[in-house]
Protein chains: 2
Amino acid sequence: MTVTSRDVAQLAGVSQPTVSRALRDDPRVSEATKVRVRQAAARLGYVPSDVGRALSSGRTRRIGLLLTDLENQFYPHIIAPAFHQLESLGYQLMLHTEAADNDVVAERLISNGLDGVLLATSTIDSVVPLRLRDRGLPFAYFNRTSTAVHADSAVVNPLRGMDEAAAALIECGHRRIAAILGPANTSTAINRENALREALAHHGVSIPAHYVHRGPFDTATGQAGTQRFLEMAEPPTAIICGNDVVAFGALNAARSAGVDVPGDVSIVGFDDLPSAAWPIIRLTTIAYDLDAMVRRAVELLVDRIENPQRPVEESAFESRLVMRDTLGHIR
Amino acid sequence: MTVTSRDVAQLAGVSQPTVSRALRDDPRVSEATKVRVRQAAARLGYVPSDVGRALSSGRTRRIGLLLTDLENQFYPHIIAPAFHQLESLGYQLMLHTEAADNDVVAERLISNGLDGVLLATSTIDSVVPLRLRDRGLPFAYFNRTSTAVHADSAVVNPLRGMDEAAAALIECGHRRIAAILGPANTSTAINRENALREALAHHGVSIPAHYVHRGPFDTATGQAGTQRFLEMAEPPTAIICGNDVVAFGALNAARSAGVDVPGDVSIVGFDDLPSAAWPIIRLTTIAYDLDAMVRRAVELLVDRIENPQRPVEESAFESRLVMRDTLGHIR
DNA sequence: CTCCTTGTTGCATACGTATGTCTATAATAA
DNA sequence: TTATTATAGACATACGTATGCAACAAGGAG
């Protein structure tokens, strides 16, 4: 059923290695032979086998993207640019998700024969980076990092965005400010929390413990946190969310509670997903160049694969506040 | 650097084939040997190579999912359940996107050594199904079908949903009804259009040509179509959208134009994505069990791989109207 | 005591491609 | 003419695993 390079070789009257070389346009094969081989290949409908190639060359030209929750609205915005950037570099993308057992995940990544891995959801205590390093399997951090292993990374620097957000909140008269943050074992959540607290501190404002809600970066977290805040005797007048998806949950909770945004409570997101700009949402949020960040992570990873000795490079992307309709003056 | 089954064999004092069998728990290997082999494997940190396995066994245990636009909000809701269902069956998922040249896509699918392919975006005139069939590469249609090749499929039957939607529209006094439909070369768009027209015909209503807008299933299409409709001298009082993502675009356009939904215009979607139920959206839409449909497509495909002779099975999923807040009485 | 089973393992080989080395032929220079 | 080099292709082999088959030992049946 399958046509192999041997079949092509036979039809073209050459050896199998010559077919291999001819079809990859190796200069060692004469033009006349190339033509003959290409014709034979076309006649037989020959399609080279990636598996055979991978085994022989020791490279699959496939890289893995490790995520947690595939349903999350955030991920398509990673997957799409990563896919296209990799495609343009001649690589393919393979999705993987974290499982309860980190070691199982690492084994799967290794057994897959991937040329490299993009870690988009590493917790700071994950063993995956360790396992990959021990195997010599190249990887890069995207969006999050782990302190356990130093490696190439592309992340957001939340400082400026949080500064601008804090200034805008203060300017609008907000003093009772709450935060819905991501999991405490992610660098993303930690960095954003630190940046936020520092920015508010410049204005003499701090976030009390009861105004902090933590949970996964999903809508349910935003919804639960906001609901909790709104039921308080003295609810916050503004809620900063760990990311846009969380903020969408917050908007939902406010709407469900019949609470006006930004009249009764202001809500700020982080990421500036395309849907944040939708006229029916118009979320005030902290933006950065997500596409460029993805492309950078891919670029770093592929370069690392092809050039293992290069020093580690940590790429940070600037953030800024985008004012829309969910942040307003206190009533 | 890489530990192979040979290394394990040497350490355990057995032959390489025995390692292969022992680790896969082959009954032909004695328990004592299995223990020895497993210990040796653990000590060396041996992880079997999928590539070697694939070449030897002729199967990769990977299936491809062919999509068009990875950014589309619709796809995460396909990718996630497909991924998990495949994982539970011991398969891995590989994303692929359509390209300008269909033949290139088909070649890529074939060269990848996939065990099967899920076609989620076939146009009715795509050559991909033909190429796959010619190669004997199993595939199944998801959501859309192509008439060119008969194959397993899991699709929505829009009849009931459209009937209920038409009845609700008429009940609410709508007569000037517009439609924003998908690409004319997709079975999905055709089936939904036919179902809609038929349903309306029962009530003596038809959709004039100028009330029809066609385009890809994305928000831009919904936005453009709605904007066009709203600028008309006699705009429609209701707009039926090809799917929810299109409907989101329609909602955006209405909001941008300062037009009230459903006061000035009603909007109906199709798919009932999780976000359609969000309190800040509350889209009236036609629902079906998307998760079950995905799982069914995966199930059919995997079964086809393992049991090639089974007769073709076409699975249709019932649809129904979900009333929320974007369909209301005409003013 | 021989034959046959049963259970366990090793041997040989296949899967499809890539690549280092060697050879034959032709072209060039002396 | 001969020696030298360049060129083009063949040959051999490697990559890591799986699997049909042979081999062998131990034990039971006749």
Side-chain angles (χ1 to χ4, degrees), chain A residues 1-38 40-41 44-62 90 107 110-115 135-137, chain B residues 1-38 40-41 44-62 90 107 110-115 135-137:
Chain A
M1 172 71 79
T2 339
V3 178
T4 73
S5 55
R6 287 194 149 73
D7 303 323
V8 177
Q10 189 170 12
L11 181 59
V14 298
S15 71
Q16 177 271 324
T18 298
V19 171
S20 170
R21 293 192 165 99
L23 294 181
R24 281 173 307 125
D25 215 33
D26 189 301
R28 285 177 46 181
V29 178
S30 72
E31 204 47 50
T33 308
K34 280 181 187 168
V35 170
R36 223 158 13 108
V37 169
R38 277 197 282 261
L44 297 176
Y46 169 69
V47 178
S49 153
D50 283 355
V51 175
R53 179 170 292 166
L55 187 60
S56 180
S57 68
R59 302 196 34 188
T60 56
R61 296 199 78 83
R62 269 201 313 261
E107 279 215 2
I110 293 162
S111 78
N112 244 286
L114 299 168
D115 287 348
R135 286 285 163 168
L137 179 51
Chain B
M1 172 70 81
T2 334
V3 179
T4 74
S5 55
R6 286 193 151 73
D7 303 322
V8 177
Q10 189 169 12
L11 180 60
V14 296
S15 70
Q16 177 271 326
T18 297
V19 170
S20 168
R21 288 193 250 260
L23 294 180
R24 280 174 306 128
D25 214 34
D26 188 303
R28 288 174 45 182
V29 177
S30 71
E31 204 48 48
T33 308
K34 279 181 187 168
V35 169
R36 232 168 355 118
V37 169
R38 278 197 282 261
L44 297 176
Y46 169 68
V47 177
S49 152
D50 283 356
V51 176
R53 180 170 290 168
L55 186 61
S56 180
S57 68
R59 302 195 35 190
T60 55
R61 298 199 75 83
R62 270 202 313 260
E107 278 216 4
I110 292 163
S111 77
N112 244 282
L114 300 168
D115 287 348
R135 284 286 164 168
L137 179 51

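Order of the sequence lines sets the chain letters (A, B, ...), proteins ahead of strands, with each chain counted from 1. Below, all heavy atoms of this structure are taken into account, side chains as well, without hydrogens, waters or symmetry copies.
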Output the rounded distance in Å from [atom1] ([X]) to [atom2] ([N]).
{"X": "A:Lys34", "N": "D:dA8", "atom1": "NZ", "atom2": "C1'", "answer": "11 Å"}
{"X": "B:Arg53", "N": "D:dT19", "atom1": "CZ", "atom2": "P", "answer": "10 Å"}
{"X": "B:Arg61", "N": "D:dA18", "atom1": "CZ", "atom2": "C1'", "answer": "14 Å"}
{"X": "B:Arg59", "N": "D:dA18", "atom1": "CZ", "atom2": "P", "answer": "13 Å"}
{"X": "B:Asn112", "N": "C:dG16", "atom1": "CG", "atom2": "P", "answer": "16 Å"}
{"X": "A:Arg6", "N": "C:dC15", "atom1": "CZ", "atom2": "C1'", "answer": "10 Å"}
{"X": "B:Asp26", "N": "C:dT8", "atom1": "CG", "atom2": "P", "answer": "11 Å"}
{"X": "B:Leu55", "N": "C:dC15", "atom1": "CG", "atom2": "C1'", "answer": "4 Å"}

Contact class for [X] vs. all strands (heavy atom < 4.0 Å): base, sugar-phosphate, or nothing?
{"X": "A:Arg24", "answer": "sugar-phosphate"}
{"X": "A:Val51", "answer": "nothing"}
{"X": "A:Pro17", "answer": "base"}
{"X": "A:Val19", "answer": "nothing"}

Indicate yes or no: at least one non-hydrogen side-chain atom of [X] is less than 4.5 angstrom from one of [Y].
{"X": "A:Asp50", "Y": "A:Thr60", "answer": "no"}
{"X": "A:Arg53", "Y": "B:Val51", "answer": "no"}
{"X": "B:Thr4", "Y": "B:Asp7", "answer": "yes"}

Presence of donor-acceptor pair under 3.5 Å, side chain of B:Arg21 and base of C:dG7: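 Counting by modelled atom types and ignoring angles, no donor-acceptor contact under 3.5 Å is found here.
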Donor/acceptor link under 3.5 angstrom from A:Gln16 side chain onto base of D:dA10: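 No, the side chain and the base share no sub-3.5 Å donor-acceptor pair.
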For a quick test of reading the model: is some side-chain N or O of [X] closer than 4.0 Å to OP1 or OP2 of [N]?
{"X": "B:Ser5", "N": "D:dG16", "result": "no"}
{"X": "A:Thr4", "N": "C:dG16", "result": "no"}
{"X": "A:Ser56", "N": "D:dC15", "result": "no"}
{"X": "B:Ser30", "N": "C:dT8", "result": "no"}
{"X": "B:Thr18", "N": "C:dG10", "result": "yes"}
{"X": "A:Ser57", "N": "C:dT19", "result": "no"}
{"X": "B:Arg28", "N": "C:dT8", "result": "no"}

DNA chain C: 5'-proximal contact among B:Glu31 and B:Gly52 (nearest heavy atom):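 Closer to the 5' end of DNA chain C: B:Glu31.
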A:Gln10 atom CD, over 12 foreign heavy atoms within 6.0 Å: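 Count not over threshold, so no.
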Candidate pair A:Arg24 and A:Ser20, rule side chain to side chain donor-acceptor pair (under 3.5 Å), full reasoning: CA-CA 7 Å; A:Arg24 281 173 307 125; A:Ser20 170; 3.0 Å; yes
